[in-house]
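Heads up: the structure comes next, in structure tokens.
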Amino acid sequence: MIFSLLIYASQNSGQAEQTALRFSRSALSQGHKIHRVFFYGETVSAISNLKITPRDEIDITRQWLELAASDNLDLVVCIAAAVRRGVLDQQECDRHNRVAANLVAGFNLSGLGQLADAILSSDRLLTFGN
Amino acid sequence: MMSDTIFQTLHIINKTSSHSDLYTDCFKTLLPGDAILLIEGAVYSACGQQVCDLLKQQVPLYALNIDIQARGLTQRIHSQVISIDDDTFVSLTCQYKKSISWF
Amino acid sequence: MANKNLLLIFRNPPFSDSSNRDTLDIALACSAFEIPVSLLFLGDGVLQLIRGQQSKTLQQKNLLNTFNALAMYDIDQLFVLQSDLQRFELIAADLSIDCQLICETQMAKLIRQSDRIINL
């Protein structure tokens with residue numbers, strides 16, 4: 001089975017992202033594929049290098065990266081959602097003439113077309129939100 | 001339950017039943033062949049008198065065990081609610097043609 | 001696999017959070033990818049369609065302009081529950097775009113016939 005995930009949550013309220021991460025680990029361990037994880041809405045605020053996670057808390061952005069590294073996940077961040085929340089890659093940083101790019105390496109900014117493609121390319125679309 | 005049979009829509013709820021509009025909107029869309037999966041804060045709805053509204057829907061009721069344990073509800077979940085682990089969560093999403101998340 | 005259709009559900013009133021705009025943006029993007037898109041305005045979601053909203057008074061963008069332009073994107077399957085209109089004492093003429101008024105049974109069928117559902 002090929003899954004895609006739409007994440008529409010805030011890291012600071014609720015546990016949607018943790019649930020999505022556990023779901024992904026479980027799906028991959030059962031031999032399923034994850035075509036794409038699409039981060040949309042408030043979720044994207046936390047995919048920033050400027051974020052400091054307290055030492056006794058889990059950095060969920062790091063956990064996505066670890067899973068992406070071991071299972072070759074495609075982590076896509078909605079570019080419109082990111083830019084309006086001040087999460088920029090180098091290209092957007094240059095385009096808007098800002099002081100620094102802060103998107104966490106390993107995540108890619110792209111448009112909603114990537115969500116449309118995920119819908120067309122996957123057997124299942126799961127939304128995790130709050 | 002774990003056969004290859006394809007069921008219809010898996011309704012995934014993650015809010016407590018104090019979000020009553022969410023539950024009533026979800027209930028309006030249920031048809032035979034659907035199921036409800038309670039995750040995160042919604043597992044409270046599987047306890048006490050709140051479960052009555054869910055039982056009335058006459059669809060299979062599942063709840064995510066890790067969220068039940070985290071909230072100290074293991075002994076409080078209604079006997080007609082099936083407690084499942086993450087692997088079964090994934091299996092359910094395979095068995096149902098699609099899911100709809102209510103949050 | 002190619003002809004999957006998508007149902008988008010709007011459940012929030014105007015000026016609440018970004019979910020309405022975000023859902024609308026998904027509709028436009030998916031339509032551009034030739035995914036057949038239907039929109040369901042459920043519960044408070046129907047309040048977005050009320051005629052005569054003056055969002056400028058709040059210095060906010062009015063989504064109604066985009067809703068009115070949906071036909072240009074070949075999005076013409078718009079659904080509202082009759083019972084939601086009654087709840088707010090609205091009639092079809094109070095809405096700024098043409099919607100199909102459906103009962104709860106028809107809504108359940110609409111959801112069953114949809115291949116993918118996004119409900120932000």
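We use all heavy atoms of the structure for the numbers below, so side chains are in, but hydrogens, waters and symmetry mates are not. Here is the naming used below: chain letters follow the sequence lines, and residue numbers restart at 1 for every chain.
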*Select, from C:D17, C:I117, C:I26, C:L6, the one with the greatest count of heavy-atom pairs under 4.5 Å involving chain A.*
C:I26
_To check you understand the geometry: which heavy-atom pair defines the closest contact between A:L112 and C:A29, and what is its length?_
CB-CB, 3.5 Å
*Hey, is CD1 on A:I58 packed in by over 12 heavy atoms from elsewhere, all under 6.0 Å?*
no
_Looking at every non-hydrogen atom in both residues, tell me the closest pair between C:R116 and A:R124 and how far apart they are._
NH2-N, 4.0 Å
*Any idea which heavy atoms bring A:L120 and C:F33 closest together, and the distance?*
CD1-O, 4.2 Å
*More than 12 non-hydrogen atoms from neighbouring residues, nucleotides or ligands closer than 6.0 Å to NZ on C:K109, yes or no?*
no
*Do other residues, nucleotides or ligands put more than 12 heavy atoms under 6.0 Å from the CZ atom of C:R51?*
yes
*Measure distances from A:L115 to the heavy atoms of chain C and classify the residue's part below 4.5 Å as side chain, backbone, both or neither.*
side chain
*Would you indicate whether A:R98, at its atom CZ, is surrounded by more than 12 heavy atoms from other residues, nucleotides or ligands within a distance under 6.0 Å?*
no
*Can you name the nearest heavy-atom pair linking C:S19 to A:Y8, along with the distance?*
CA-OH, 3.0 Å
*Quick one: does C:K4's side chain have a donor or acceptor within less than 3.5 Å of a partner on A:D123's backbone?*
no
*At their closest point, which heavy atom of A:I119 faces which heavy atom of C:C30, and how far apart are they?*
CD1-SG, 3.8 Å
*Within a reach of under 6.0 Å around CG of C:N65, are more than 12 heavy atoms found that belong to other residues, nucleotides or ligands?*
yes
*asked:* Surrounding CD of A:Q91 (heavy atoms of other residues, nucleotides or ligands, distance under 6.0 Å), is the total greater than 12?
replied: no
